[in-house]
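We count ligands from 1, going down the list as the structure has it; atoms in each ligand are counted the same way. No experiment lies behind these values; they were computed from the predicted model shown.
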Amino acid sequence: MSSPHPLDPASAQEYLAGRDILVAAGLLPEGGSAPVRFAYYGLEEVAKDEVLAGAAGDRRLRAFLVNLDTGESTDVVVSLTHGKVVSARTLDPARDGQMPILESDFARVDEITKADPDWRAAMARRGYRDLSKIRTAPITAGAFGPAEDDRRRMVRVLAFVQDSEHDLAWAHPIDGVAAYVDLIEKKVFKVTDEFELPVPRESGDYDDEAVRGPHRTTLKPIEITQPEGPSFTLDGFALRWQDWSMRIGFDAREGLSLHQVSLDDRPVLYRASIPEMVVPYGDPKFRHWQAYFDTGEYLVGKWANSLELGCDCLGEIAYLDATVTDDTGQPRTIPNAICIHEEDSGILWKHTDIFNGSAQSRRQRRLVVSYFTTVGNYDYGFYWYFYLDGTIELEVKATGVLFTSAYPGHAHLDGDHTSAHPGPAYPDGANPYATEVAPGLAAPFHQHLFSARLDMTVDGLANAVEEVDVSGLPIGPDNPYGNAIVQKVTRLARESQAGRRADGSRGRTWRIINTERTNRFARPISYTLYPESAPVLLADPDSPLAARAGFAANHLWVTRYDPDQRWPAGDFVNQNPGGAGIPVFIAGDRDIDGADIVLWHTFGPTHIPRPEDWPVMPVARCGFVLKPTGFFDRNPTLDVPPPGPHCSQG
Ligand SMILES: [Cu+2]
C-alpha cells in the first residue's frame with residue numbers, strides 16, 4: 001500500500017485492512033452467528049499538530065459496530081500503521097445514545113412494520129389492506145421518553161401510499177398513525193393512532209406528462225466551453241487554482257471536507273466541513289418527534305450521488321470518486337461524487353472614470369468544489385466557492401420533495417375507502433403548523449439548521465474573534481447633524497462569551513483576526529464571517545429537541561481546537577439523551593483569544609413551504625461568506641487581465 005497523505009480519505013484497501021484487524025481481534029465475527037454491522041466506518045484523522053509538523057502520523061480508522069441481535073454497540077479505533085485495535089468502547093445507550101441508522105434498517109423496518117397486527121388494523125381501518133402499495137419511512141426517534149422507550153434502539157414509522165410503480169408516494173401520506181419499531185427485538189412495540197384524515201389523491205408524479213404537461217420548447221442551448229482546459233490542477237486530493245490551494249477529503253458521515261485551504265501560500269482554514277444538520281418539524285401533534293439529524297443519524301456522505309456531466313455539472317469538470325462502506329464494512333465506490341470546476345461569476349470589478357476616461361471591466365471567476373446527497377425525501381447540494389478576490393462562500397442547495405402530512409378540511413376528497421375523523425386534532429379544520437400544497441396535502445413548517453465547523457488558521461494558528469456591529473450615533477457635540485456611523489468591536493475572549501446570535505439590524509459580522517500579524521495599516525490580518533440572519537432553533541429551549549441540538553441555539557460558537565471535538569451534536573447523535581457536543585465543548589470555558597480556535601456556525605432556512613415547492617422543490621439556497629479583511633493590503637485582483645482587448649479603454 002503506497003502511503004497516503006495523512007488527510008487523504010480512507011481507500012478501499014484501507015477499509016479492508018481495517019476490517020481484517022477487527023476480525024482478528026474478535027470484534028467482527030465472520031460467518032458466525034453474531035450479526036455485527038458497521039453503522040459508520042471512516043478515517044480517524046491525524047491531529048493537527050502532527051500534520052503541520054509534516055509527520056505521516058498513525059493511519060487510523062474508526063468503526064461504529066452494532067450487534068443486530070443484542071444491540072451491543074462498540075466504538076472501535078484501529079491503527080492501520082500498527083495493525084491493531086487502538087481502542088474499543090461499548091456504549092451505554094442511556095448515556096451515550098445509539099449508533100446511526102444502518103442501510104439495512106430501511107428494509108428491516110418495512111418488514112417488521114407490515115407484519116404487525118395493530119398497525120395492519122390501523123391501515124385496514126383506513127381502507128388499506130394491500131400493503132404492497134404502502135411505503136414506510138423510518139424516522140429517527142430522538143429522546144422523548146418514557147424511559148422504557150428511550151432504552152430501545154428504535155425508529156418511528158410514518159406511512160405513504162404509492163398507487164403505481166411510478167407514483168410519488170410523498171403525495172399520499174397516511175396521517176394520524178405511527179408505528180414504533182424496536183430494531184433489536186425486531187417488533188413494533190407501540191402504534192399511535194390519533195386521528196384519521198383522507199389520504200390526498202392528486203398525483204405528485206412530476207415525471208408524468210399528464211402531471212407536468214409537455215416539456216417547453218423555448219429554451220435555446222447554453223454551452224460552457226474552456227477550449228484550453230480549466231485553470232486548476234488536481235494531484236490526487238490536492239487542488240490548486242490561481243492563488244488558492246487545498247486538499248479534499250470525504251467521509252461517509254459528514255461528506256465533503258476541505259483541508260489546509262491557503263491563499264498565496266498563507267493559511268486561511270485548516271479544515272472546513274458541515275459536520276451536522278438537524279431538520280426539526282414544527283407540528284406538535286402525534287408527529288412531535290419528527291426531527292432528523294441527517295449527518296449524525298443518517299450519515300449524509302454515505303448517500304452521495306454519482307454526478308452526471310451535462311446534467312449536474314456543466315463545463316470542464318474534474319470528478320473525484322468517494323469511497324464509503326456498506327453495513328458489513330465492505331468498500332463501495334461512489335463514482336463522480338465530488339465535482340470540481342470553474343465558473344464565470346459575473347463582474348469582478350468595473351469602472352468608467354469621469355476624469356481620466358478609463359473604462360475597465362473584469363470578470364469574476366470562482367472555483368467550485370461540490371457534492372450532492374439524497375437523504376430520504378430531501379436532496380442537499382454542498383457547494384464551496386473560492387473567488388479570485390479571496391472570498392470563500394458556502395452555498396447549500398436544498399431541493400427534493402417536501403415531507404408531507406394530510407391537510408384537514410378536505411372532506412370532499414373522501415373517496416371510496418377513507419373516512420375523515422380528525423376529531424379534536426384540528427377543530428377549526430385548519431392546520432396552523434403547515435401549508436396546504438395540494439388538495440388535502442400539507443407540508444409542515446420546519447427548519448434546516450446546518451452546523452459549519454470552521455477550523456480557522458488566518459495567516460497562522462494564533463487567532464481571535466471580534467464581533468463587529470455597525471450603528472449610527474445620536475446627535476451630540478461630536479455628531480451635531482446625527483450622521484455618524486461607527487463600528488462597535490467586541491473581542492470574544494472566552495468560550496462562555498462566544499455563543500452569539502446574528503443581528504441583521506446591526507449588520508453583525510464576526511472577524512477572525514490573527515493576533516500576531518498585522519497589515520500595512522498596523523491592523524490585524526483578518527477574515528470576516530458574514531452570516532445570514534435567519535432564525536436559530538425555534539423549538540423551546542426546554543424542549544427535548546433543544547437538549548439534543550445544543551449547537552442550534554446560537555449562530556456562532558468559538559472553541560479552542562481539540563482534535564476530539566469534531567461533532568457539534570456529539571459523537572453519537574441517534575437517541576442521544578441530550579447535552580452532547582457544543583455544550584460539553586464550551587463547559588471548560590477555555591481562553592480563545594490568541595489561540596488555535598474553531599468556529600461553529602449555525603445557518604439555514606426556516607422553511608415555510610410554498611405551493612411552488614410542490615411536487616418537487618426548486619432549489620432553496622442558504623450559506624455564509626468569508627471575506628479577507630485586511631488580509632491583503634489592497635484589492636488583490638488588479639492583475640486580472642481584461643476578458644478581451646475591447647473591455648479595456650483609456
Ligand atoms: Cu425544507
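With hydrogens and angles ignored, the 3.5 Å screen pairs a side-chain donor or acceptor of Arg156 with a backbone N or O of Ala141.
Counting backbone and side-chain atoms alike, Tyr378 contributes an N/O/S atom closer than 2.8 Å to the Cu ion (ligand 1).
Paired with Asp182 under the rule salt bridge (Lys or Arg N to Asp or Glu O under 4.0 Å), one option of Lys190, Arg152, Arg108 passes, and it is Arg152.
Under the side-chain hydrogen bond (donor to acceptor under 3.5 Å, both in side chains) criterion, Arg62 pairs with Asp75, Asp571, sequence neighbours left out.
Closest to the Cu ion (ligand 1) among the N, O or S atoms of His446 is NE2. Its N, O or S atom nearest to the Cu ion (ligand 1) is what matters here, and for His607 that atom is ND1.
Checked for salt-bridge contact, Glu254 and Arg453 miss the test: no charged N lies under 4.0 Å from a carboxylate O.
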